[in-house]
Amino acid sequence: ADTKTIGVSIPAADHGWTSGVVYHANRVAQLLMKEHPGLKVIVKTSPDPATQANALQDLETQGIDALVILPTDPDPLVNAIKEVKGKGKFVSIVDRAPSSNDNSVRDLYVAGNNPALGQVAGEYIKKNSPEAQVVVIRGLPIPIDQQRQDGFDKAIAGSKVKVLDRQFGNWNRDDAFKVMQDFLTKYPKIDVVWCQDDDMAVGVLQAIEQAKRTDIKYVIGGAGSKDMIKKVMDGDKMIPVDVLYPPSMVGTAMELTAAAIYDQIPVHGTYTLDATLVTKDNAKGYYFPDSPF
Amino acid sequence: MSINSGGEATTIRRRSWRDVDLRAVAPFAALALLIIIGALVNPNFISITNLANVATRSAFIAIIAVGATFVISSGDLDLSVGSMVAFVASLMILFMNSGVIADPGLMLAAAMVLTVVIGSLCGLANGLITTVGRIEPFIATLGTMGIYRGLTTWLSQGGAITLRSSELQSLYRPAYFGSVLGLPVPILVILIVTAIAAFILYRTRYGRHVTAVGSSRDVARYSGIAVNRVRTIAFIIQGLCVAIAVLLYVPRLGSTSATTGILWELQAITAVVVGGTALKGGAGRVWGTICGAFILELVGNIMLLSNFISEYLIGAIQGSIIIIAMLVQRSLTRKA
Amino acid sequence: MSINSGGEATTIRRRSWRDVDLRAVAPFAALALLIIIGALVNPNFISITNLANVATRSAFIAIIAVGATFVISSGDLDLSVGSMVAFVASLMILFMNSGVIADPGLMLAAAMVLTVVIGSLCGLANGLITTVGRIEPFIATLGTMGIYRGLTTWLSQGGAITLRSSELQSLYRPAYFGSVLGLPVPILVILIVTAIAAFILYRTRYGRHVTAVGSSRDVARYSGIAVNRVRTIAFIIQGLCVAIAVLLYVPRLGSTSATTGILWELQAITAVVVGGTALKGGAGRVWGTICGAFILELVGNIMLLSNFISEYLIGAIQGSIIIIAMLVQRSLTRKA
Amino acid sequence: MTRDGEEALAPVLSAERVSKSFGEVQVLFSVDFDMLPGEIHALVGENGAGKSTLVKILSGFESPTSGRLLLDGEPVSLPANGAAEALGIILIHQEFNLAEHLTVTESLFLGREVTRFGVLDRRFMRAETRRILDMLGSHVDEDALISSLAVADKQMVEIAKAISRDARVIFMDEPTAVLSREETEILFDQVRKLRAKGTSFVFVTHKLNEVMELTDRVTVLRDGQWIKTAPTRLLDSDAIAQLMVGRELSSLYPAKHEPDVDEEIVLSVRGLSTGYVKDVSFDLRKGEVLGFSGLIGSGRTEIMEAITGLRSRLSGEVLVHGTPLAADDFMEGVRRGLAYMTKDRKGRGLLLEEGMTANLTLQSLGRHVRYGYLDPASEREAMARAKRRFDIRVRDDRVRVGRMSGGNQQKLMLAKVMETGPKIIIIDEPTRGIDVGTKQQIYHFIAALAREGCSVIVVSSEMPEVIGLCTRVAVMREGHLVGMLEGDDINEQTIMRYAAGLRRQAS
Ligand SMILES: Nc1ncnc2c1ncn2[C@@H]1O[C@H](COP(=O)(O)OP(=O)(O)OP(=O)(O)O)[C@@H](O)[C@H]1O
Ligand SMILES: Nc1ncnc2c1ncn2[C@@H]1O[C@H](COP(=O)(O)OP(=O)(O)OP(=O)(O)O)[C@@H](O)[C@H]1O
Ligand SMILES: [Mg+2]
Ligand SMILES: [Mg+2]
């Protein structure tokens, strides 16, 4: 068969969700290489945009035919991606889109839906506790975090849901624990915590438990880690739902890319994945006990 | 000559009193100032619960910083402590998950011993690379920082390592969330660790040697002190302190990940310096270090409790406050 | 005495050649070793494109590290450079987005001048806080690190700041991607910056003063050197180098965010130390620094090109390689 | 101690055919040396003769390249790094060996702390320290930080440290270099007491009168070679000096050169006060050599530093050629021809990690700038000139200054200060740790400067130096200028009476 190389550039596993990305990228890489005997898939992780730009160059040095990239931070990487694209390679961007996301930058865009992740959470709160006082724990100050906030704000706009406070928890359990402790000190009554990420939810739950506060009705995380999905499945009162943001989307993109370079199927444009609301009823379908996330 | 001897002696005593004591008091003054500011910012601040929360959560950094006081006093630096926390905690949880010992109590005890041993070994490794390998501690521990962090990422496959047995979890939980005579366990641990550290640093031969080695390697060597041994032991003490911090950390969230302890090394060093220990070695101030750790934690707490600071600016204000705290400390020491 | 002086002189020259030159040569030996390893790992490694890529992308750290060589030689430390990059770059892009100057060429020129001015001012601020405020540079610049990073987060409102005008972008692009006589612009800039820095450090009065201040503040003062001025200027040079790095950084990615330049300070310091400059101050080795920056970048490159290392372990291996490089350097200096 | 006694006793510690090389530079050539129980043995020689090296070998801080050491007649290899203390062999280093962050008590007991049940017995150690310091007549506070002590006090702490240990042999490498006469007396008393108890001393010094006064035997080294060992009473200072330098020395002090009374006043100090110094006024004429005498800590250094701008003034003014000199601006003074040479060679004078040239030109780099950059050739030239002018002798041109012998460091420091081309020169302890031959050179150099129209202030704790060199002598006591002596008044007794506060001139 034809020998081809696909380069996959993803963020280093620095928190739960990205570790899921790494897991799925490696899983699908094995699958694809089995499926297409001449295919080589190289998966590389990078902790920050500058390093990722370097990784792109290094992948090119190895002579790739296609690139699948999940950018750590899209805008700073546009030029580097264009550089690859400019050499005629097939480029798929996953999840995080640069502000100018058109054909000049990539061939394929597999989108996780960041605004929807916020929006679904917001709508759930609006529907189930319309007068809720909410505290928000954000991630890191980068654009995807901003998009999630915007989606959330859009969803609750005009309702009586009130955001008491927002602070950064850096997608880190320990920081989320601290921030939640202080929220609990600051506000005598909190109804709902939206922390947009299941890793941070771990810290939030511990802080609430420690304070023995009963006013908090529930916590909404996001992404769909196996621990949180399990809680939803078991009917935990504090975690009634989870908003899906599957790290497996990188695998989807890799499969589509392989299809594009092998089968010459015209794969172009944007594939948007849903931000599914995981409830007790559908949780079973999203539970992967073997994944690290 | 003998006539003015009385006068000379007193001036000298007065001078050294100024030098030593006020510098030691300054961090506590800064702490008091912060508490006042906090009380003005938000009435909830001064509540027992909040202050206990802050003190409790400062435990990790405080205990690690106590170890760092030894390393820094002896003229070295350890940048690897943050990733060492992640590494040691991961191994502890993996051991408890392995289920090699059936009885939960025994298992927990064994895990704790193991943790202490691993922590000390990590410290030993740092110490040997620095002293026997004769590499600048900054670089040596930057290297081991990468190694410990990398191994943790590999152990966790980039994800989290979570304590599985709920029985162990509930058995272990009080080690962080419990309290003795109304005093939260972590605060108790801070006090005990600091008291022991102060005793070692000020009241034992080893402590004296740490100061001497930090003040001048050559003088120490010429006084028959085994300089490399003293330095290595300081690193081991640091490792031990990290292990103790891990013993408190694991029961809190029952899990670790590759991001556990990121940047804790900078926080620990900052706590040590804010507490009045000079980075170039020499005199170590253990109680000051604890105070420094509280200050750092309080600054964050006050900022979160205040309603007028944009969440985007928190880092900037935190930086400014540290600088201002140091300036206040300087001017206090100079004037009085 | 006169009889054996001839013989002595030659033996002496041989000894000091060992002492001085081998320490300077050691980083280059380590670099050569790495290149050989790289060639074994992947045949693509040794290609001109790849080596040019690595050299080009090491430009940011290399240029910043040249500034750090001044600060470290004069006995200080600057931890704020990483966030300073983010801050200065943000301001540069915001200025270009503001559109106050219509002509793109003029606008670009003005923006570059502005960048250099802002970088120097940031360095000046660090210098004044450290010297006039008499705060340990570690803490002072840890504080300003928080401030610059916080201001960047606030400027970007947590998102990214992207150069909007595509005209400006394409005008500016060659500053990173272009090449002069086959030499990529960033490599050219590294060489120019280093040559100037080496000239300043070794051939001017100021450079000599930097070394003196770094070896002993007191001796410098008693030799009539304005110690604080020398230190502050070193910080300004550092700021200037950061600005130059920004001038190359902005055309590359055309955008910045609050996470730009995170941990670059540690990389820059590592480059300086791997290059043979001691952290406690004194003699600085500018060319060694550049070599150190290449080494760091090469390690990452080799790891990426080799396909047998688990991505989880990259950090661990990187750490080990740094330690091994330092050990090799030590043993080279000791043996030969 | 009689000659007969000497022969009967077996040496405690001896060196046989000891040689030492650093790298390939040999500094000791097959030296023999022995110490009898209860004797005080002087070790003398020019700067760089290898005295410190020999003493370090005998106390285990260096190991000999060849030859052997005998302890009680048995060959030994001494343990390194001061561990020989356990054998009762102790060295007081020529350069201070104290950690700045420790207190006096902590320093005294460093490495052999007294503990009870593993806990430091601080009370006992403090009391013991006080006792020893009192015995030495030192007023140093036992809790003072070393960093807060004056140079002389540090030396006393070093001596206390050595005396406090149970020693069989004590090596003292120039212990009196920074001590005043009084303190030296006290030290000698203690040494004699210990000698009576059977302790042996090796006493390295450049002050030959002290050799005559205290010691039983003398060994002379020259260029790393053993020259002679003889009982002190068979020699006199001139004979020793001649053995040291290998030629006959003309008179130590040059002829004094009195400036004319109507000679221009180049430096005028009016009512100068600092924290410790109170209301000091004096004038300095062109071509004059003015001495400053006084006890240790009388404030001489402080006043000089205030004049030059290295230390802040509280009040008063300084006029150079009639125009005021700005306070706190050392460089302005240098520009106007005022130079200051510190007495703290190691801490303030020289960059120990750097080479000689970098040190020499550090203060005068402006002279070597061509088209904006430093001209190495011009610096090399300056170095060669300085080596000739000040007779700086090193065996290795690129040696780090920290490894040069003390005397050569001193000469280099003087050369460094003179590079600025000053007209008014303040020299603090000009001959600290310098051999007689070099001393003579420096004295003649100072006299020559004065004849050429420079004005010199010599701050010195060595009374003969002030007396032999200066045409006027100012005496300081407790921060006050208590006397300005001229002519016949310049003698040891009169100076001493002013310094001790028994007399005072109305100002
Ligand atoms: N560690 C060393 N490395 C190289 N050379 C050294 C070292 N120590 C001493 N020397 C050289 O050995 C020679 C003898 O030095 P030493 O210090 O023994 O002289 P000294 O007789 O004590 O002189 P002084 O009276 O000036 O103290 C000098 O030329 C000195 O430069
Ligand atoms: N009674 C005192 N009160 C305050 N300071 C004192 C007192 N006695 C001595 N000092 C200190 O001693 C210093 C004066 O010593 P200085 O070195 O100027 O004297 P010196 O005559 O040059 O003696 P030395 O031979 O030690 O150099 C001052 O800086 C002062 O701080
Ligand atoms: Mg000597
Ligand atoms: Mg003096």
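A, B, ... follow the sequence lines: proteins, then strands. Residue 1 opens every chain.
- Of the two parts of D:Arg112, neither the backbone nor the side chain holds a non-hydrogen atom closer than 4.5 Å to a non-hydrogen atom of chain B.
- Counting only heavy atoms from C-beta outward, the side chains of D:Leu110 and B:Val219 approach each other to under 4.5 Å.
- For the atom pair OG of B:Ser215 and CD of D:Glu106, the computed distance is 10.0 Å after rounding to the nearest 0.5 Å.
- Note that CZ of B:Arg221 is 10.5 Å distant from CG of D:Asn97, once rounded to the nearest 0.5 Å.
- Between B:Tyr202 and D:Leu120 there is no side-chain heavy-atom pair separated by less than 4.5 Å.
- Across every non-hydrogen atom of D:Gly118 and B:Thr204, the tightest pair is O-CG2, 4.0 Å.
- With hydrogens and angles disregarded, no donor-acceptor distance shorter than 3.5 Å links the side chain of B:Ser216 to the backbone of D:Ala99.
- Taking the six-membered ring for Trp and thresholds of 30 and 60 degrees, B:Tyr222 and D:His93 have nearly parallel ring planes, at less than 30 degrees apart.
- Other residues, nucleotides and ligands contribute more than 12 heavy atoms inside 6.0 Å of the CZ atom of D:Arg165.
- With a threshold of 4.5 angstrom between heavy atoms, B:Tyr206 does not approach chain D through any atom at all.
- D:Ile146 does not touch chain B: none of its heavy atoms, backbone or side chain, sits under 4.5 Å away.
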